[in-house]
Amino acid sequence: MISRRALLTGAAASALTPAHAAGPETLASAAARAGLIFGASIDSAAFDNSAYLDLYRRETRMYVSDVALKFDWLRPAPDIWNFRPADAIVEAARADGKLVRGHTLIWNDNAPAWLKKLSSREIERVFDEHIERVVGRYAGQLHSWDVVNEPFWPMDRKAGGWRDGPWFAAMGSAYVERAFRRAASVDPKAKLTLNEAQCDNDGDWGRSIRPLLRGLVDRLRDSGAPLHAIGLQSHLQSEFPRNYPDFRTYVDGFGAKGLEVYISEFDVNDAAFPSETAERDAAVAALAGEFLANVLASPAVKLVVTWQLSDRYSWYREVARKRLIGLGRKPRPLPFDDEFRPKPLRAAMIQAFEARTRGAKK
Ligand code: 9MR
């Protein structure tokens, strides 16, 4: 029995470490034993703070570009290609012996104003050129690419639930298949991923997106498009309804089609949890543990990525600064705190990885 205190201090992780394990237990080593790659998104915060970069070196097996490969970051103006931040990630990964995952090639959100002003024909030309140049630059070096991110956003009120934006406006839903075919022709090695949000949540929103994504996957496969993996972001929301056994069945459905599944942007929005820090951290860990116990039971899941590693650099901090969530508190959604100390969430993740390892041996 693990005491509440052990859970809160992270000591539970070491209590569960098998005696034969070589070296100190990390998220990456526990994941690896479970047949999983563990990674985290990374950006300039890690390159400006060596202690943070050390945390990535120690705890992860994969670096995932957070913002560096997004269209608006790479192409702030039509004639500017700002590859430096993405190059830095790929170079650091090479130096540190890590895998790299590219996020994200094509997304209808966050398009720069200059792109929105172009004609449909010009947008198609920019689309093809973008894929060729960006995928080409890193060809052969990436484990996987999020080729298309978040194709569905029913709130945009388009028929079929599609997310609106310049690519969709110019090409309709055909942009998705076109992106996969182009990317595969430039980098036949990377695993090409379709990444989607909200499917983990059991409310109307998540439930409306699940069949849309499944339908798109079936159409892509029927047409022979090169699709290898499904990314399910899994930004867990404490305030939304959940039914993780059901979600696991959904995940298994992709596995049955021969696809890998990636938990691609994991973190826990703690907005609905108690204010007191220890209680909140325990609630975050418990929710994550419940989620992972279900979803990692699916053999289709091959990868778990958190969106950053330390609370200090979570995207939720920015959201909270704008007062959109959290009533002025600082969100604590990640496995390490502001000072890079392990939190109960890290212990819960390691426990879930260990449980999968035990399950696989049965
Ligand atoms: O972490 C990213 C944040 O720094 C950016 O401001 C934001 C907009 O580009 O995107 C964040 O990452 C998002 C990811 O690309 C797609 N899924 C949701 C993530 C969190 O918003």
Side-chain angles (χ1 to χ4, degrees), residues 39-49 52 56 60 62-76 82 85-86 88-89 100-113 115-116 130 134 142 144-156 163-168 176 179 193-201 205-206 209 213 229-238 240 261-271 303-326 330-336:
S41 78
I42 187 166
D43 65 9
S44 58
F47 299 113
D48 294 342
N49 181 339
Y52 196 33
Y56 281 87
T60 74
M62 170 184 271
Y63 297 168
V64 182
S65 60
D66 190 311
V67 288
L69 283 168
K70 287 180 176 168
F71 189 96
D72 54 330
W73 286 72
L74 272 175
R75 310 283 310 275
N82 179 22
I89 294 172
V100 184
R101 175 166 162 71
H103 171 86
T104 176
L105 198 55
I106 296 295
W107 188 12
N108 273 291
D109 207 5
N110 291 320
L115 181 66
K116 293 185 196 158
H130 186 76
V134 178
L142 302 196
S144 50
W145 256 116
D146 277 336
V147 177
V148 171
N149 188 44
E150 297 172 28
F152 297 108
W153 196 252
M155 281 179 299
D156 281 346
R163 184 189 283 275
D164 202 6
W167 313 124
F168 181 77
V176 177
T193 309
L194 180 59
N195 199 44
E196 187 52 279
Q198 294 301 338
C199 295
D200 56 280
N201 110 48
W205 193 6
I209 291 181
L213 180 67
I230 305 302
L232 298 169
Q233 295 181 3
S234 311
H235 292 286
L236 303 190
Q237 310 258 19
S238 49
F240 284 177
V261 174
Y262 303 154
I263 302 303
S264 56
E265 303 184 16
F266 189 57
D267 57 18
V268 183
N269 177 350
D270 60 10
L303 190 112
V304 175
V305 168
T306 54
W307 216 235
Q308 297 280 329
L309 275 176
S310 154
D311 294 335
R312 194 198 299 188
Y313 299 111
S314 167
W315 66 286
Y316 279 123
R317 287 289 170 97
E318 186 59 27
V319 176
R321 263 192 293 277
K322 292 181 183 153
R323 301 268 158 184
L324 298 176
I325 59 163
K330 288 183 175 173
R332 297 172 62 84
L334 286 163
F336 295 87

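Every number for a ligand or one of its atoms is a count from 1 in the order of the listing. As the structure is a computational prediction, the values presented were derived from the model and not from experiment.
From the protein, the heavy atom lying nearest to atom 14 (C) of ligand 1 is H103 NE2, 3.4 Å. The closest protein non-hydrogen atom to atom 1 (O) of ligand 1 is D66 OD1, 2.8 Å. Summary of contacts: the protein heavy atom closest to atom 12 (O) of ligand 1 is W307 NE1, 3.0 Å. At the top of the distance list for atom 21 (O) of ligand 1, counting protein heavy atoms only, stands W315 CE3, 3.2 Å. The protein heavy-atom contact nearest to atom 6 (O) of ligand 1 is V67 CG1, 4.7 Å. Closest to atom 10 (O) of ligand 1 among all protein heavy atoms lies K70 NZ, 2.7 Å. From the protein, the heavy atom lying nearest to atom 8 (C) of ligand 1 is N110 ND2, 3.3 Å.
Scanning for salt bridge (charged side-chain N to carboxylate O under 4.0 Å, His left out) contacts around D164 gives K158, with sequence neighbours left out. Partners of W205 under the ring-ring contact (aromatic ring centres under 6.0 Å, His included) rule, at least two apart in sequence or in another chain, are W153.
In W73, the CH2 atom is not crowded: 12 or fewer heavy atoms of neighbouring residues, nucleotides or ligands sit closer than 6.0 Å.
Taking every heavy atom of N149 and a limit of under 4.0 angstrom, the matching atoms of ligand 1 come to 16 (C). Numbered from 1 in the order shown, with element, the atoms of ligand 1 that lie under 4.0 Å from a heavy atom of E150 read 16 (C), 17 (N), 18 (C). Of all the atoms in ligand 1, the ones that sit under 4.0 Å from a non-hydrogen atom of Q233 are 16 (C), 17 (N), 18 (C).
The minimum heavy-atom distance linking V64 with H103 is given by the pair CG1-CB, 4.2 Å. Across every non-hydrogen atom of I106 and A179, the tightest pair is CG1-CB, 4.2 Å.
If you check the side chains of N149 and Q233, you find a donor sitting under 3.5 Å from an acceptor. Between the side chains of Q308 and Y52, at least one donor N or O sits under 3.5 Å from an acceptor N or O.
In this structure, H130 and F71 have tilted ring planes: the angle between them lies in the 30° to 60° band.
At a heavy-atom cutoff of 4.0 Å, ligand 1 is contacted by the side chain of E265 but not by its backbone. Under 4.0 Å from ligand 1, not a single heavy atom of N195 appears.
In this structure, H235 is part of the shell of residues with a heavy atom less than 4.0 angstrom from ligand 1. Ligand 1 lies within reach of W107, whose nearest heavy atom is under 4.0 Å from it.
Put simply, atom 4 (O) of ligand 1 has protein non-hydrogen atoms near it, under 4.0 Å away.
Taking the charged nitrogens against the carboxylate oxygens, D109 and R163 do have a contact shorter than 4.0 Å, which makes a salt bridge.
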Under the side chain to side chain contact (heavy atoms under 4.5 Å, CB included) rule, what do E150 and N108 come out as? Steps first, then yes or no, please.
-> CA-CA 8 Å; E150 297 172 28; N108 273 291; over 6 Å; no
